[in-house]
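Okay, structure first, notes after.
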Amino acid sequence: MLGNNISVGATSQNPVLPNVPDGGTWRSPSLRSETVTGPNGAVTTHAALLANEKWGIGDKKRIEQVIEGVYAMRGWGIASSFAIEAPEGWIIIDTGDNTRAAMEMRAMLEKTLGGKVKVAAILLTHSHYANGIGAWFDEGTEVWGHEHLDRNLSRSSGISVISGTYQARAAAQFGVFHPQSGPDAFPNTLSFTPEKLTAESSYQPPTRLFPDGSVLDLVVAGERVQVAPHQTDTSCGVGFYFPRWRMLVTNNLVYGAIFNIYSLRGGSYRNPVVMMQEARWFESKNAEILLDIHGPTLKGEDVVRDEVHRFLDTIQLMHDQTLRQIAHGRDARKAAEEVYIPHHLRGDWENYGQVESHVRQVWNGTMGWFGGDVYDINPLSVNEEAARTVKLMGGFTAVREAAVKATEEGGLANWRWTLRLTSLLLELDPANAEVRQLRAAASRQLGQRTSSANARGWYLTEALQIEGGMQFKGTPLTTDAIRRLLGTPTAQALASASVDENLQLVRYLVDPRKAEGARLKFTIAAEGDAQIRQIELRNSVLVISEVDAAAPAHFSLTRLELAAFVLGTRTPATADALSEIDKVLDRSHMLPPGTVESLMAGMKAPADSEH
């Protein structure tokens, strides 16, 4: 049955070469037939067990001396932080996932050095690892970051209509609620724990800004440092060059995997052309040392050069070959099947994302969604297409039996076919228990056989949430539940956010069916913000603008009253314009008022050993 195709002992001496047929069908080389068992019991691929070493993370938290006066702090997540002793104090580059992690880093650094450190400056490569600032912040500490860093951080995890979806997808990708041991556990540290979502952040906006697109020559804490644009996985990325050591410090210039042009959790297009253009500045430095927050320490000009070339050339290869496939008239899916990456560039480097995802993203980023099949211009609804397809295949029972047979026979092609068949069936009957179990079984088998951490996260999340095995403190979770939880702001969070963040959230709640034909105009002012804003409902959109004077219909609200309006808990004594606006808003993607506070309080309590 399901276990018959499992074998143990795959090694890098018997690599799976690209485009090798599996039962006569194409498959991604990131899917391997052989499995191994990791130290924590995870059933996985050999490549996945090499990831910690390739990323420079290791299995233990540690302080690593790079050179005199320069230290790497590794093991507190998928990114490292760095400490540099400058003439006027210490420079810290990136501050970790959360306050607790940053406090641990600082304590271990000071223990290693045998004394306290005085932090003169914090330099941020981008927005992802700024949550531990408070633990490093001393009197007089400067915080340097890109001018768009604060904005980007707010969009991904602050008051935003899509922050819940973004974080729920991240939870799936990184296996946040997967078991910590056993077959479904993550085989490496390319994952997160629930603390990633719930731990305390001591982020504060930069006090000194790097202007967008600028190359700067600065003196920070008495140390000369050059700063250059470095957009990789965010638009607020910068990299640093320290002439004294001929040392580069970067984010995603060279790390232990193929660069994620596309992350399965979603996000803005990471244009490889921009990345490659900006990387030439770093390449031109002929650095002796390269510290990438996602990679091991690289030393020696030849070593640094060769690794930079390997990394960037792989990105260029994916980009250039995708455009070659476009020139042949192939759509995104067919292009992904055709693009070939030599084994020495792919092999065991495909431990995070997978090449096919990146090819499809380059295709879409270049050409848009339309692949050339005119059916896709006006397709049938998803449900009708599934109904017609299943009927043509012999009906629901016949398709279910085909899925059972494919799952029992096993193999990469059969498990992928099971997923396709169950997608059709669950569109027609979402609660069908047998079909859901078939899907869970196939998802698990594929998750255990992919070298890609991102793909494993999604495959096993699918299996675990179907089976009720994705839990926190004994409570079963689904990605939809996580999305609703993290997508529902608390009243306190809204009261602490800016007035603009509150009103922009309301803007995205308008249901155009309810708002059709309605027109309203009024002004609003909120406690602590002198700016008067006009709110106008017209043509089923909410237009928000700054004005100089209050309108006849005007509201002066406390911050908690504004939050109550956003959440739909405001109860005015008489009908007014805010009440009329409330009638056209849709909050069905949110949890009921008060639910979030109680759930988050439970999640922040000490977690069980099995999450």
Side-chain angles (χ1 to χ4, degrees), residues 127 147-164 201-207 209 486-597 600:
S127 59
E147 65 172 303
H148 296 157
L149 185 147
D150 189 56
R151 179 198 69 185
N152 286 358
L153 189 64
S154 177
R155 284 179 175 176
S156 64
S157 59
I159 303 301
S160 165
V161 73
I162 63 171
S163 65
S201 170
S202 53
Y203 168 76
Q204 50 190 282
T207 57
L209 299 178
L486 299 179
T488 306
T490 64
Q492 189 56 52
L494 289 169
S496 301
S498 70
V499 175
D500 280 330
E501 286 177 297
N502 277 260
L503 295 180
Q504 290 298 326
L505 178 58
V506 176
R507 166 188 166 190
Y508 293 104
L509 302 181
V510 174
D511 183 336
R513 290 181 175 84
K514 295 179 180 178
E516 186 170 6
R519 295 189 71 94
L520 282 169
K521 185 187 293 186
F522 58 93
T523 55
I524 194 169
E527 174 187 11
D529 189 331
Q531 180 63 57
I532 298 173
R533 291 169 176 81
Q534 177 179 279
I535 314 296
E536 183 175 6
L537 177 65
R538 67 183 192 225
N539 297 319
S540 292
V541 298
L542 212 58
V543 179
I544 303 166
S545 56
E546 297 181 353
V547 293
D548 295 328
H554 177 74
F555 297 87
S556 293
L557 304 176
T558 67
R559 299 308 301 275
L560 286 175
E561 287 173 337
L562 176 60
F565 165 61
V566 175
L567 293 173
T569 59
R570 176 178 176 269
T571 53
T574 57
D576 54 25
L578 286 182
S579 300
E580 293 303 307
I581 287 287
D582 195 65
K583 293 176 182 178
V584 306
L585 302 183
D586 171 27
R587 301 183 183 87
S588 59
H589 67 286
M590 295 183 181
L591 291 174
T595 307
V596 176
E597 287 84 351
M600 292 299 288

Among residues at least two apart in sequence or on other chains, which ones pass salt bridge (Lys or Arg N to Asp or Glu O under 4.0 Å) with [X]?
| X | result |
| --- | --- |
| Arg507 | none |
| Asp586 | none |
| Glu580 | Lys583 |
| Asp511 | none |

Excluding sequence neighbours, so at least two apart, what forms side chain to side chain donor-acceptor pair (under 3.5 Å) with [X]?
| X | answer |
| --- | --- |
| Asn502 | none |
| Gln534 | none |
| Glu536 | Arg538 |

Of all pairs that satisfy ring-ring contact (aromatic ring centres under 6.0 Å, His included), the ones with a partner from residues 490-518, not counting sequence neighbours: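 For residues 490-518, and leaving out neighbouring residues, there are no ring-ring contact (aromatic ring centres under 6.0 Å, His included) pairs at all.
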
Under the side-chain contact (heavy atoms from CB on, under 4.5 Å) test, residues paired with Ala515 that sit two or more places apart: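 Counting only residues at least two positions away or on another chain, Ala515 forms a side-chain contact (heavy atoms from CB on, under 4.5 Å) with Val510, Leu537, Ser540, Val584.
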
Counterpart residues, side-chain contact (heavy atoms from CB on, under 4.5 Å), relative to Asp576 (two or more places apart):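 side-chain contact (heavy atoms from CB on, under 4.5 Å) list for Asp576, sorted by chain: Phe555, Arg570, Pro572, Leu578, Ser579.
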
Summary of salt bridge (charged side-chain N to carboxylate O under 4.0 Å, His left out) pairs that have at least one residue in residues 542-568, sequence neighbours excluded: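 Found none.
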
Minimum side-chain heavy-atom gap Ile535-Leu542 below 4.5 Å: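 Ile535 vs Leu542: side chains touch.
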
Let me check something: any side-chain donor-acceptor pairs from residues 516-524 under 3.5 Å, sequence neighbours excluded? List them with distances.
{"unit_1": "Thr523", "atom_1": "OG1", "unit_2": "Ala551", "atom_2": "N", "d": "2.9"}
{"unit_1": "Thr523", "atom_1": "OG1", "unit_2": "His554", "atom_2": "ND1", "d": "2.6"}

